[in-house]
Amino acid sequence: MCGIVGYIGKKEAYPILMGGLSRLEYRGYDSAGVSLCDDKGIRTYKRQGKVADLALFTTGKDVSGAVGIGHTRWATHGEPSDRNSHPHVSQDGSVAIVHNGIIENYRQLRAELERNGYRFGSDTDTESVAHLIEHIGKKTGVTFPEAVRLALREVVGAYAIAAISTNDPDIVVVARKGSPLVVGIGDGEFFIASDATAVAEYTRKVVYLDEGEMAVLKRGEDLLVSAIDGREERNPVITEIEAELESIGKEGFEHFMEKEIFEQPKTILDSMRGRLDPETGEVRLGGLRDHIDRLAEADRIIFVACGTSFYAAILGEYLIERYAGIPVEVEYASEFRYRHPLIRKHDFVFAVSQSGETADTLAAIRLAKESGATVLGICNVVGSSIARETVAGIYTHAGPEIGVASTKAFTAQVTVLSLITLALAKRRKTLSDTELIRLAKELLAIPEKVKTALAKREECKEIAKEIAKSGDAFYLGRGVCYPVALEGALKLKEITYIHAEGYPAGEMKHGPIALIEDGTPVIAVAPESETHDKIVGSIQEMKARRANVTAVVTEGDTATAALADRSISIPVADEFVVALLAVIPLQLIAYHTAVTLGRDVDRPRNLAKSVTVE
Ligand code: F6R
């Protein structure tokens with residue numbers, strides 16, 4: 001997490017840095033800061049709070065300078081506070097750095113530096129690197145870039161950093177290992193950011209630094225990169241980015257999350273565009289072209305993911321096992337890495353990730369690669385670390401997701417997983433052509449049906465008013481609606497701070513039903529499906545304990561609706577695709593509950609969009 005930005009060129013750096021920080025605020029918003037450099041020295045301004053608080057703080061101050069770096073923080077080491085905010089400046093004020101990641105050996109570095117007379121002003125891991133660069137520069141007399149290189153060789157952990165120095169005020173040094181970093185190439189100028197959306201306003205030409213690389217940015221000169229562990233410089237690969245700036249605005253919606261919920265008819269369609277032939281049921285997944293035949297023969301597919309992406313992966317498991325007949329396992333990436341899993345050479349490991357930067361998921365695929373498995377990706381962010389570290393994969397094409405709570409990325413992932421299911425079923429002949437065509441048509445009909453589900457907004461608002469009065473809520477589902485229940489509960493927790501549990505409905509009687517009392521809110525995800533009768537039974541059990549039940553039902557299912565205290569209907573759809581509809585009211589309920597409670601919907605407390613730390 002954390003977002004870093006930088007600029008070197010002929011323009012004033014401050015507005016560019018602040019614009020970039022606003023775009024990266026989804027990565028963390030515990031504090032924000034900038035350092036500007038010219039022959040007068042380095043001026044640093046930093047503040048606990050959001051980028052807007054920093055803007056207020058800098059009003060009337062000297063923010064001139066055509067070289068600068070900036071940071072928006074998601075706290076890891078040290079509480080959110082002014083003194084723990086970045087940039088961190090070295091003892092004599094000659095070096096300022098911003099950092100995204102975690103320095104694992106910072107305690108040793110700090111102890112060593114303290115023995116050499118350095119005084120620390122913060123509790124962060126990052127400050128040690130600022131002092132270390134100064135210390136090495138003084139001790140060895142090397143240039144500023146070489147001091148950065150030598151310092152980083154002593155650092156253990158993950159980082160993307162940008163550093164400036166009064167010893168060489170006309171350069172910015174950047175480096176990355178484990179955290180993302182993009183350099184935008186302008187006309188004699190460079191833009192630095194944690195992701196490409198923050199530079200897209202100025203340039204479409206970017207260089208993604210590779211693992212363990214650094215670069216020295218000098219205005220008017222070509223960009224050269226080198227390995228931190230080497231010295232040899234090379235011309236980097238320049239990539240043209242496609243990010244549409246318009247799609248990064250709120251477009252009249254009050255929050256990004258709201259906009260992203262309502263974008264879903266389009267984003268689901270975009271995920272399928274050009275990939276599915278309704279006449280033949282044929283699926284074309286260009287990214288998997290060279291692997292799909294082998295994948296169809298796989299003994300086992302393993303999905304690794306976190307959070308919402310993990311729930312999408314569970315849906316993938318249910319679909320692929322049922323319709324394509326391949327055994328699937330779904331693993332929390334954070335557990336997979338440390339539980340000594342048995343990964344075999346002929347396993348296929350799929351990383352599912354919106355950002356493509358989640359540290360746990362990245363670490364899991366690196367482990368899978370070491371074990372010789374074929375590692376594939378389902379990512380939303382083009383050019384992200386996971387997209388680049390997998391041998392092949394599929395982009396979800398949902399467009400930039402800015403709201404911290406994932407919505408359109410989830411439905412895009414589920415759409416892509418449904419496409420993979422059809423592609424595998426076709427090759428394995430587990431579905432007849434008639435069935436394939438029928439399911440393909442069901443999938444293609446989803447965007448229009450999502451519009452109908454979204455039109456139930458006012459009813460969701462009323463339900464939200466009820467839930468907003470509660471301290472907790474239960475979300476129940478079975479079969480493909482179980483991961484939907486998990487996702488509904490996660491959405492509520494994240495943005496309303498109301499305690500919520502997602503459960504497979506059949507498990508309630510094995511313990512959690514003890515928590516149900518008069519008025520406990522229960523949201524039962526109960527559209528028509530193979531397990532419909534079972535969830536109806538669960539609704540009755542909940543009502544018998546006087547729970548306050550909201551049922552998500554298929555249009556026309558008045559019998560189930562009558563059992564609940566209130567219901568919300570979704571269009572008729574096959575079980576193969578029904579999760580894509582059932583999740584919509586749950587997203588709307590969470591959103592409106594958060595609005596009712598006055599929560600900061602797009603920036604919920606303690607969270608950040610991209611979890612680039614372990
Ligand atoms: C929840 C949410 C998170 C992410 C998780 C994985 O709304 O956004 O749970 O799903 O942090 O992130 P990605 O998909 O970027 O790997």
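Computed over heavy atoms, backbone and side chain alike; hydrogens, waters and symmetry mates excluded. Note that the structure is predicted; figures quoted are calculated from it, not measured. For ligands, and for the atoms within them, numbers begin at 1 and follow the listed sequence. We count residues from 1, following the sequence as given.
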Enquirer: Give the atom numbers and elements of ligand 1 that come within less than 4.0 Å of a heavy atom of Val404.
Expert: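 Once the distances to Val404 are compared, the set is 7 (O), 8 (O).
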
Enquirer: Starting from atom 1 (C) of ligand 1, find the nearest protein heavy-atom neighbour and note its residue, name and distance.
Expert: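 Checking every protein heavy atom, the shortest distance to atom 1 (C) of ligand 1 gives Glu494 OE2, 3.0 Å.
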
Enquirer: Side chain or backbone, does Gln354 bring an N or O within less than 3.5 Å of an N or O on ligand 1?
Expert: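 For ligand 1, there is an N or O atom that lies under 3.5 Å from one belonging to Gln354.
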
Enquirer: Thr396 and Asp270: side-chain contact (heavy atoms from CB on, under 4.5 Å), yes or no, with the steps?
Expert: CA-CA 8 Å; Thr396 48; Asp270 287 346; over 6 Å; no

Enquirer: In this structure, does ligand 1 have an atom that sits under 4.0 Å from one of the heavy atoms of Asn380?
Expert: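 Not so, Asn380 does not reach ligand 1.
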
Enquirer: Are the side chain of Asp30 and the backbone of Ala75 linked by a donor-acceptor contact shorter than 3.5 Å?
Expert: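 Such a contact is found between Asp30 side chain and Ala75 backbone.
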
Enquirer: Within ligand 1, which atoms have a heavy atom of Ala405 less than 4.0 Å away?
Expert: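 Those qualifying, in numeric order: 7 (O).
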
Enquirer: Out of all atoms in ligand 1, which are within 4.0 Å of some heavy atom of Lys491? Include the element for each.
Expert: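 Reading through ligand 1 atom by atom, the close ones are 1 (C), 7 (O).
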
Enquirer: Who's the nearest protein heavy-atom neighbour of atom 16 (O) of ligand 1, and how far?
Expert: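 The closest one turns out to be Thr358 OG1, 2.4 Å.
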
Enquirer: Is there a polar contact between ligand 1 and Gln413, counting only N or O atoms under 3.5 Å apart?
Expert: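 No, since none of the N or O atoms of Gln413 sits under 3.5 Å from an N or O of ligand 1.
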
Enquirer: Report yes or no: do Thr596 and Lys461 form a side-chain donor-acceptor pair below 3.5 Å?
Expert: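 Distance-only check fails for Thr596 and Lys461.
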
Enquirer: Main chain of Leu607, side chain of Tyr29: is a donor-acceptor contact present, judged purely on distance under 3.5 Å?
Expert: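 Such a contact is found between Tyr29 side chain and Leu607 backbone.
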
Enquirer: Check whether the side chains of Gln354 and Ser406 place a donor and an acceptor atom closer than 3.5 Å, and report yes or no.
Expert: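 There is no such pair between these side chains.
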
Enquirer: Measure from atom 6 (C) of ligand 1 to every heavy atom in Ser384, Ser355, Cys306, Ser406 and give the option owning the shortest one.
Expert: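 The nearest heavy atom belongs to Cys306.
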
Enquirer: Could you find the nearest protein heavy atom to atom 11 (O) of ligand 1 and give me its residue, atom name and distance?
Expert: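 The closest one turns out to be Val611 CG2, 3.8 Å.
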
Enquirer: Ignoring hydrogens and angles, state whether a donor on the side chain of Glu357 or Ser385 is under 3.5 Å from an acceptor on the partner side chain.
Expert: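 Yes, side-chain donor-acceptor contact under 3.5 Å.
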
Enquirer: Could you tell me the residue and atom name of the protein heavy atom closest to atom 10 (O) of ligand 1, and the distance to it rounded to 0.1 Å?
Expert: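 Protein heavy atom with the smallest distance to atom 10 (O) of ligand 1: Thr308 N, 3.1 Å.
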
Enquirer: Go through Glu258 and Val601 one step at a time and tell me if the side-chain contact (heavy atoms from CB on, under 4.5 Å) criterion holds.
Expert: CA-CA 9 Å; Glu258 182 191 18; Val601 173; over 6 Å; no

Enquirer: Show which atoms of ligand 1 fall inside a sub-4.0 Å distance from at least one heavy-atom site of Ser353.
Expert: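 Counting atoms of ligand 1 from 1, those under 4.0 Å from Ser353 are 13 (P), 14 (O), 15 (O), 16 (O).
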
Enquirer: Would you mind listing which atoms of ligand 1 come within a distance below 4.0 Å of any non-hydrogen atom of Gly307?
Expert: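 Answer for ligand 1: 9 (O), 10 (O).
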
Enquirer: Does Glu357 have a heavy atom less than 4.0 Å from any atom of ligand 1?
Expert: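 No; Glu357 lies far enough from ligand 1 that no heavy-atom distance drops under 4.0 Å.
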
Enquirer: Would you kindly say whether Ser85 and Gln48 are connected by a side-chain donor-acceptor distance under 3.5 Å?
Expert: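 No - no donor-acceptor pair under 3.5 Å links their side chains.
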
Enquirer: Between Arg176 (side chain) and Leu209 (backbone), is there a donor-acceptor pair under 3.5 Å?
Expert: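 Between the backbone of Leu209 and the side chain of Arg176 there is a qualifying donor-acceptor contact (under 3.5 Å).
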
